[in-house]
Amino acid sequence: MKKGDHLFLVDGSGYIFRAYHALPPLTRKSDGLPVGAVSGFCNMLWKLLRDARNTDVGIVPTHFAVIFDYSSKTFRNELFTEYKANRTAPPDDLIPQFGLIRQATRAFDLPCIEKEGFEADDLIATYCRLACEAGGDTTIISSDKDLMQLVGPSVQMYDPMKDKQIGIAEVIEKWGVPPEKMIDLQALTGDSIDNVPGVPGIGPKTAAQLLEEFGDLDTLLARAGEIKQNKRRETILANAANARISRELVKLRNDVPLEEGLESLQLHPANGPRLISYLKAMEFTSLMRRVAETTGTDASAVEAGTVTVDGFESAHGPDLDVAPKAAGATTDTPAQDGKTPALLARRRAEAAAAQKLDTSAYRTVSEAQALEDLVAEAYATGVVGLDIQMTSIDPMLAEITGIALGTGAGQASYIPVGHKAQASDLLSDGATPGQMRAADVLAALQPLLSDRSVLKVGHNLKNEWLLLSRHGITLEAFDDVMLMSYVLDAGSGAHTLDALADRWLKHSALTIKELLGSGRTGIGFDRLPLERATAAAGEQADMALRLWAVLKPRLVAQGLVSIYERLERPLIPALARMESRGISIDRQMLSRLSGELAQKAGALEDDIYKAAGGPFTIGSPKQLGDILFGTLGLPGGAKTKTGQWSTSAQVLEELAAEGHDLPRKIVDWRQLTKLKSTYTDALPGYVHPETRRVHTSYSLASTSTGRLSSTEPNLQNIPIRTAEGRKIRTAFVAEDGNKLISADYSQIELRILAHVADIPQLKAAFANGDDIHAITASEMFGVPVEGMPREVRSRAKAINFGIVYGISAFGLANQLSIPREEAGAYIKRYFERFPGIRDYMDTTKAFCREHGYVETIFGRRAHYPDIRASNPSIRANSERAAINAPIQGSAADIIRRAMVRMDDALVAAGLPDVRMLLQVHDELIFEAREEDVEAAMPVIRTVMENAAMPAIALSVPLQVDARAAHNWDEAH
DNA sequence: ATAACTCCGTA
DNA sequence: GTACGGAGTTATT
């Protein structure tokens, strides 16, 4: 063991008792063997081994051991016969689990350590000392206070059930003394369960206070006479001997002679087949599935091992230790060289493409017994496809039409609940017969949907999540194939279910259009005959499940599991909650604004017609172009790609600057009509009939960079730049007694650029809180920051933005309205002053050319297949996008992390009523009761500013500005 | 009815 | 120069 290594020591015995009491009882299905604690233990080990990085530990171990008590007799009984004497025998259903847990440890291929005469705690103390001497760090997996004395600079504890780290600060917080005084504290308080006498009447608070005052136990006992409180002084004096004995009992021995040295605790890759063999024998289906996925083992090829059970009649009968009877899996060293998951992924893809999708076995479920059987089948499989058909694409408005569950390839069931008579049957509008009541179906499915041990696989499950939450059901344990595809293939190909089925299953699914028709003649899914509905909905659930089998191994093979699990999947509940909360708008104000805008636009229209010599459709660029550049003979500028004269704002502005009247009026008219049609007229139409609020929908998978997008309505493009536009923002308001809080990252993309390109001047400027554009201008033009002309700073600002967008001389020239040569000179100058930026751009382009994608600082990928295009213009487009994506995408990842943590952080801060409502790329908008606002703002800022941690320690600080007001305009 | 195009609102 | 979504017009189906 060496410096940088990290040893995990699991307190196995401690865990057994804790898990037994904390976790719900669980028995092996086939024979009723109690296995709750074993299951908890296995899940915990797997989590620590596979993704300790994703727990509060945040570290991947290099060494690992599980430590057990050998027996209840130890050297402490010689010191004090009554030690642990009043321990009662463990409960009957816990007894068989002791042996099973040791077997589990061996199945995990981990050292299982115990020693006669010593407690597990002594062994842990000894390994801690050895690791410390070797320069390594240690994490003790336990929350037992008896072990807290070991905590120090290189030793921490971790509570796996609460996902909480315990370091020096946490010990002090909990007990009021630092770890090295824990022994003295426990000597004073004693422990009734272990029969450690201590001093009667002294609890942790008093003990901490005494130790604070006297320093340590010996000093306290020597100077006990000085204690003012009579009773306390007397009991301490009378129990001094007990305190000293107690100290010996609680003090851990760190000199236990060990058979296994640190080197034998070195962690090696999981033995997939061996572990699966054990898990199969224990019938831990869902963990087995996860292990199989991750290690690239075909679980069906591994036979269940045998487990020995003491003190319990097992149907599996007695046998030796766990051992796979057949190592039928692909390899014994899965995941070791990275080839196996890739192989598995490829094999799965081939199998999926080869297997024809057969819908003939789909069933329609219309009675309680069949539904019950279906639920039982789902539990047995452990993973099901899920698709809910709704009456609207908007889950805030939709009712349930039917629910499809896929239980295996070609196996799906559809439970119709909301089908109505067919459209052709105009006379009856009643419900189709053969359907259960929605409420009964939901009640029957609720346990399954909320059960963490059964994985629900669907496509774009945010809608399902939101709909179910409206019915009081929390969807737990789900995977979303759309998000998996997005993580794997953002930038190359669509992520719709149809597209994925086409790509991976070589199956062309029925499109909505084919199924329901469209437009006037189209019907709703609820008008479909049950037979066709079953085929269509079953197919969706079936496809989702099959796609999962293809995409999950690909995630593993490409090392993208963490992105998916940290940055994508948890956003489903987070966004669903935001969408369902919605935001309040002032409809009166919008209607008043509409009137004003109409009046102003109308006045302009008259002027425009006069100047043009007659009425025409101002909104038609074609007609407008004809009039401006034909009839009126103004000098035309740019052309559009179809050869028309461009009438863009930029062209019109230039004409206006030359003294022409009409173009200015057109620009103004366009602005007014844009605001009216897109915002003041459209927004009220989105107010929900019941909540009276506007509920946007966020799309998680529609950008190439990782940003979200917002639709129906798009609340990410509400005006702000012009005074006229800002009025629209003031119509976004808080409820009475509440305020809106807007918190936005300041210059997050430039900060990320400074970090990834490692630019000393920019990093220093951000660290000092300087004006970044002024610093840039100063570097480039040699002008001092003090008294810098506005014009100089704003040029530098445009260049900074340009850099983030993958600058070109052409683009910068356009932006600044300067000749291209001048823009080119600026860029050259910029690269001279900041050579790191050019390096970043060159290496990013080269990386993208080599791999076909670029990565954010967290490892999210964005693909640019055109990066190798022979057409220079297409290639250059991809290059700029590739330069921008890591920056824009990293910023998107950071705010995603903040959003994932936000609700919990607010609850933990005692602010459960503060609601996150909107995200606008670098801004989050909340609604809070007025009395909560002051407390909420620092919590929000802290979560946002620390969102990159602990995964990435940015070399530049993040800064968040937060403001509260009654409306969005004033809050921003 | 749908698609393409142009324009413009945001970060 | 990056990333989006939506409205309106026009041409096509």
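All chains are named by letter (A, B, ...) in the order of the sequence lines, taking the proteins before the strands, and each is independently numbered beginning at 1. A quick note: this is a predicted structure, and the numbers were derived from the prediction, not measured.
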Exercise for the section: Answer yes or no: is there a donor N or O on one side and an acceptor on the other, between the side chain of A:Glu923 and the main chain of A:Ser742, under 3.5 Å? Expected result: no
Problem - Centroid-centroid distance, A:Tyr830 to A:Tyr826, less than 6.0 Å - result: no
Problem - A:Glu970 with A:Arg963: basic N within carboxylate O range, under 4.0 Å - result: no
Problem - A:Tyr853 and A:Phe847 aromatic ring geometry - parallel, tilted or perpendicular at 30°/60° bounds - result: perpendicular
Handout entry: Sugar-phosphate only, base, or nothing, as touched by A:Ala649 at under 4.0 Å among non-hydrogen atoms
Key = sugar-phosphate
Exercise for the section: Tell me what A:Ser808 touches on the nucleic acid: a base, only sugar-phosphate, or nothing, going by heavy atoms under 4.0 Å. Expected result: base
Practice task
Select base, sugar-phosphate, or nothing to describe what A:Leu812 touches, counting heavy atoms under 4.0 Å on all strands.
Solution key: base
Practice task
Quick one: label A:Arg721 by what it contacts on the DNA or RNA (base, sugar-phosphate, nothing), any heavy atom closer than 4.0 Å.
Solution key: base
Exercise for the section: Answer with base, sugar-phosphate or nothing: what part of the nucleic acid does A:Ser704 contact at a heavy-atom distance below 4.0 Å? Expected result: sugar-phosphate
Exercise for the section: Using a strict 4.0 Å threshold on nitrogen-to-oxygen distance, state whether A:Asp661 and A:Lys665 make a salt bridge. Expected result: yes
Problem - A:Trp968 CH2 to B:dT10 P, straight-line distance once rounded to whole Å - result: 11 Å
Exercise for the section: Strictly below 4.0 Å, heavy-atom distances to any atom of DNA chain C: list the hits from residues 854-863 of chain A, or just say none. Expected result: none
Exercise for the section: For A:Arg707, answer base if it contacts any base atom (sugar-phosphate contacts may also be present), sugar-phosphate if it contacts only those atoms, and nothing otherwise; contact means non-hydrogen atoms under 4.0 Å. Expected result: base
Practice task
Mind checking A:Ala798 for me? I need base, sugar-phosphate or nothing, with any heavy atom below 4.0 Å counting as a touch.
Solution key: base
Exercise for the section: Could you tell me the separation between the CH2 atom of A:Trp645 and the C1' atom of B:dC5, rounded to a whole number of Å? Expected result: 18 Å
Handout entry: Test: A:Glu568 and A:Arg860 ion pair at under 4.0 Å
Key = yes
Handout entry: Touch class at under 4.0 angstrom, heavy-atom based, for A:Gly802 against every strand present
Key = base
Fill in the blank from the handout: From the candidates B:dC8, C:dG6, B:dG9, the one with an atom nearest any side-chain atom of A:Thr711 is C:dG6
Handout entry: A:Phe616 CZ - C:dT9 P separation (whole Å)
Key = 12 Å
Exercise for the section: Give one of base, sugar-phosphate or nothing for A:Gln623, where a contact means two heavy atoms less than 4.0 Å apart. Expected result: sugar-phosphate
Exercise for the section: Grab the CG-P distance between A:Asn717 and B:dT10 for me, whole Å please. Expected result: 8 Å
Practice task
Could you tell me whether A:Glu712 contacts a base, only the sugar-phosphate backbone, or nothing, with contacts defined as non-hydrogen atoms closer than 4.0 Å?
Solution key: sugar-phosphate
Exercise for the section: Name the closest nucleotide to the A:Lys641 side chain, picking from C:dT9, B:dG9, B:dC5. Expected result: B:dC5
Problem - Touch class at under 4.0 angstrom, heavy-atom based, for A:Gln815 against every strand present - result: base
Exercise for the section: Look at all strands and tell whether A:Leu708 reaches a base, only sugar-phosphate, or nothing, counting heavy atoms closer than 4.0 Å. Expected result: nothing
Exercise for the section: Output yes when A:Lys462 and A:Glu579 qualify as a salt bridge under the 4.0 Å nitrogen-oxygen rule, no when they do not. Expected result: yes
Handout entry: Crowding at CD, A:Glu822 (>12 non-hydrogen neighbours, <6.0 Å)
Key = yes
Exercise for the section: Take atom OH of A:Tyr805 and atom C1' of C:dC4, then tell me their distance rounded to the nearest Å. Expected result: 11 Å
Handout entry: Atom-to-atom span, CG of A:Asp922 to P of C:dC4 - whole angstrom
Key = 16 Å
Completion exercise
Among B:dC8, C:dA7, B:dA11, the one nearest any side-chain atom of A:Ser648 is B:dC8
Exercise for the section: Would you kindly check whether a donor in the side chain of A:Gln716 faces an acceptor in the base of B:dT10, or vice versa, at under 3.5 angstrom? Expected result: no
Handout entry: Value in whole Å for how far the C1' atom of B:dT6 lies from NZ of A:Lys674
Key = 11 Å
Completion exercise
From CD1 of A:Ile666 across to P of B:dC8 the rounded distance in Å is 11 Å
Completion exercise
By nearest-heavy-atom nucleotide on DNA chain C, the more 5' of A:Thr673 and A:Ser709 is A:Ser709
Practice task
Verify the contact: side-chain N or O of A:Ser620 to OP1 or OP2 of C:dT10, cut-off strictly under 4.0 Å; return yes or no.
Solution key: yes
Problem - Any donor-acceptor N/O pair, A:Arg693 side chain to A:Gly582 backbone, under 3.5 Å - result: yes
Exercise for the section: With heavy atoms under 4.0 Å as the rule, sort A:Val920 into base, sugar-phosphate or nothing. Expected result: sugar-phosphate
